Amino acid sequence: MKVYKFGGASVKDAEGVKNLIKVLNEVGSENRLIVVSAMGKTTNALEVVVKDYLETTRIPSSLEEVKAYHRNIMTELFPDVEAPVFFKTEALFTELENFLQHNKSTQYDFVYDQIVSYGELVSTTIVSEYLNYQNIDSTWLDARNFIKTDSTYRDAQVNWNKTQELIKENIDPNKLNVIQGFISSDPNNFTTTLGREGSDYSAAIMAYCLNAENVTIWKDVPGVLNADPRFFNNAELLNQISYEEAIELAFYGASVIHPKTLQPLQRKEIPLFVRSFINPSGEGTAVSKGKTIFPEIPCFIVKKDQVLISLSSLDFSFMVEENISEIFRLFHLYQMKVDLIQNSAISFRVCVDNKFNQLEKLIQHLKARFKVNYKTGVSLYTIRHFNTEAINSLEKDKNVLLKQLTQNTVQLVAEN
């Protein structure tokens with residue numbers, strides 16, 4: 001069996017769903033499990049529904065926009081308005097409305113998972129029904145019946161033993177199965193979600209439990225590139241990277257594959273391919289055991305809107321374990337993600353991501369014990385497998401505030 005994952009961009013409209021069929025006709029649809037995300041920007045739209053609902057505790061009008069978006073896609077795909085897909089999706093939206101009417105919880109994360117999950121439930125229903133409409137027999141599956149987790153809403157932890165048992169016993173690998181990414185359920189059968197890159201992770205979970213031959217993530221790019229083309233010119237395709245290299249790139253901020261997706265695949269050495277749904281015949285990128293990276297060229301990563309903090313002790317004492325442990329305690333307290341560290345005997349410089357907008361509180365706390373300077377709006381650049389030419393090209397016309405080199409990686413913080 002092979003596992004395919006199609007993200008929201010690949011099924012954002014009727015043409016996207018038709019193209020999914022074209023991809024399957026070209027690469028094969030037998031013995032496949034297809035993991036599908038919510039269509040287009042549906043998750044964002046449902047997040048608005050969550051916000052509106054918690055403010056009013058009524059069914060918000062923003063839900064109608066979500067329903068209309070999917071209705072328009074179905075109308076283009078199914079000429080017969082009496083087609084079963086219309087009734088099945090309406091039943092799902094009725095379920096959601098019943099939850100909104102009877103729910104008593106105001107816990108954001110819980111409510112979020114119960115509402116946002118319907119994006120995947122509706123998208124997979126449409127895809128599965130369209131496959132059958134095109135005479136490609138498919139079986140629609142509810143991921144919540146198979147992927148079991150704890151009750152950490154929005155970032156659920158998988159119960160691997162229970163999940164493996166349910167998947168092995170109930171999913172027929174000889175069929176074409178369509179299942180949701182991102183969603184799961186807890187011991188009380190409430191819906192949970194798997195956090196960042198949840199749909200990719202769902203594909204990896206399924207592949208691990210089914211001992212799949214491989215996993216393919218279909219994207220709107222040729223594969224994994226050595227740089228984000230939005231920020232760097234002449235980005236090149238990487239034909240091969242190892243699991244370890246992919247994890248390294250993701251750690252430094254590359255939008256490659258999230259480490260939690262790679263970990264179950266690495267354990268069973270299941271190859272992962274990143275290929276283009278626009279050009280299914282293209283080679284794409286293979287992520288597997290073996291050669292670290294091919295071709296061996298510099299890989300460029302940028303993280304915008306970072307904060308560079310410079311600290312020193314008030315009495316010029318050394319920045320040793322006691323001071324540093326206190327600094328990291330505060331970073332943890334204020335949810336700062338540390339991306340780069342550089343320290344000397346009496347100073348400590350760190351580049352952080354102020355994702356949760358708690359910088360001012362952190363700075364006030366730090367000033368009680370340290371001399372503090374900081375600069376917001378800086379960019380953190382990373383080059384893996386660097387050479388002199390790559391460093392020179394990156395530093396050109398930039399005011400570099402901090403630079404650090406290791407054997408395979410150079411990082412620098414610069415003003416935008």
Side-chain angles (χ1 to χ4, degrees), residues 7 9 155 194-201 204 217 219-238 241-263 266 272 274 285 287 292-293 296-309 328 331-332 334-342 349-359 362 374-387 390-391 393-396 398-416:
D155 192 21
L194 298 171
R196 183 185 168 199
E197 305 297 335
S199 289
D200 289 356
Y201 189 32
I217 296 176
K219 300 175 76 74
D220 57 357
V221 291
V224 177
L225 304 177
N226 76 320
D228 188 330
R230 293 174 299 174
F231 306 115
F232 299 94
N233 296 324
N234 306 315
E236 297 181 51
L237 177 69
L238 301 173
I241 54 177
S242 66
Y243 299 114
E244 293 84 356
E245 182 64 26
I247 290 171
E248 289 279 1
L249 290 169
F251 172 80
Y252 288 113
S255 55
V256 190
I257 308 295
H258 196 279
K260 72 178 182 183
T261 297
L262 292 166
Q263 286 155 2
Q266 184 180 20
L272 170 68
V274 181
T285 302
V287 183
T292 302
I293 185 169
E296 192 166 327
I297 55 176
C299 296
F300 298 85
I301 304 158
V302 61
K303 297 183 77 172
K304 301 280 190 178
D305 298 319
Q306 304 293 291
V307 183
L308 180 62
I309 302 174
F328 275 95
F331 287 156
H332 177 72
Y334 292 109
Q335 299 174 285
M336 293 288 171
K337 184 181 183 301
V338 176
D339 291 319
L340 178 62
I341 302 166
Q342 190 175 86
R349 304 179 79 191
V350 59
C351 186
V352 299
D353 189 342
N354 183 29
K355 181 179 178 181
F356 294 94
N357 297 313
Q358 300 206 67
L359 179 64
L362 170 67
Y374 68 98
K375 183 176 282 291
T376 60
V378 300
S379 294
L380 172 63
Y381 294 90
T382 302
I383 312 176
R384 288 278 294 169
H385 310 289
F386 63 89
N387 54 36
I391 295 174
S393 69
L394 191 59
E395 290 183 336
K396 186 179 179 182
K398 291 184 177 67
N399 179 22
V400 178
L401 305 172
L402 184 152
K403 182 176 178 179
Q404 186 165 277
L405 284 85
T406 59
Q407 183 176 359
N408 291 314
T409 306
V410 60
Q411 291 187 283
L412 57 91
V413 179
E415 291 184 293
N416 289 332

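Given the structure is predicted, the values throughout are model-derived calculations rather than measurements.
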Worksheet item: Hey, are Arg230 and Asp228 close enough for a salt bridge, meaning a charged N less than 4.0 Å from a carboxylate O?
Response: yes
Discussion item. With no hydrogens and no angle check, just 3.5 Å: does a side-chain donor-acceptor pair link Glu415 and Asn399?
Written reply: yes
Worksheet entry | Side-chain donor-acceptor pair present, Glu245, His385, cut-off under 3.5 Å | yes
What are the two closest non-hydrogen atoms of [X] and [Y], and how far apart are they?
X: Gly253; Y: Ile301; answer: C-CG2, 3.6 Å
X: Lys375; Y: Leu401; answer: CD-CD1, 3.7 Å
X: Lys260; Y: Asp155; answer: NZ-OD1, 4.4 Å
X: Val287; Y: Ser242; answer: CG1-O, 3.9 Å
X: Leu394; Y: Lys398; answer: O-NZ, 2.8 Å

Can you confirm whether [X] sits close enough to [Y] that some side-chain heavy atom of one is under 4.5 Å from a side-chain heavy atom of the other?
X: Val352; Y: Lys337; value: no
X: Val224; Y: Leu237; value: no
X: Tyr374; Y: Leu308; value: no
X: Val413; Y: Val400; value: no
X: Pro298; Y: Asn387; value: yes
X: Thr382; Y: Thr409; value: yes
X: Gln358; Y: Gln335; value: yes
X: Tyr201; Y: His258; value: no

Nearest 0.5 Å please: distance from the [atom1] atom of [X] over to the [atom2] atom of [Y].
X: Ile293; Y: Cys299; atom1: CD1; atom2: SG; answer: 3.5 Å
X: Asn226; Y: Thr285; atom1: CG; atom2: OG1; answer: 10.5 Å
X: Gln306; Y: Leu340; atom1: CD; atom2: CG; answer: 10.0 Å
X: Glu236; Y: Ile297; atom1: CD; atom2: CD1; answer: 4.0 Å
X: Glu248; Y: Thr292; atom1: CD; atom2: OG1; answer: 10.0 Å
X: Thr261; Y: Asp200; atom1: OG1; atom2: CG; answer: 4.5 Å

Item to complete: Step by step, work out the side chain to side chain contact (heavy atoms under 4.5 Å, CB included) result for Gln266 and Ile247.
Response: CA-CA 11 Å; Gln266 184 180 20; Ile247 290 171; 4.1 Å; yes
Worksheet entry | Identified side chain to side chain contact (heavy atoms under 4.5 Å, CB included) partner of Phe386 from the options Leu405, Asn408, Thr406 | Leu405
Fill in: side chain to side chain contact (heavy atoms under 4.5 Å, CB included), paired with Lys403, selected from Gln342, Gln411, Glu395
Glu395
Worksheet item: Sequence neighbours excluded, which residues qualify as ring-ring contact (aromatic ring centres under 6.0 Å, His included) partners of Phe300?
Response: Phe232
Worksheet item: Do side-chain atoms of Asn354 reach the backbone of Leu359 as a donor and acceptor pair under 3.5 angstrom?
Response: yes
Item to complete: Show your working on side chain to side chain contact (heavy atoms under 4.5 Å, CB included) between Leu380 and Leu412 and close with a plain yes or no.
Response: CA-CA 6 Å; Leu380 172 63; Leu412 57 91; over 6 Å; no
Practice prompt. Mind running side chain to side chain contact (heavy atoms under 4.5 Å, CB included) on Gln263 and Tyr243 for me, showing each step along the way?
Written response: CA-CA 8 Å; Gln263 286 155 2; Tyr243 299 114; over 6 Å; no
Discussion item. Tell me whether Phe251 at atom CZ has more than 12 heavy atoms from other residues, nucleotides or ligands lying less than 6.0 Å away.
Written reply: no
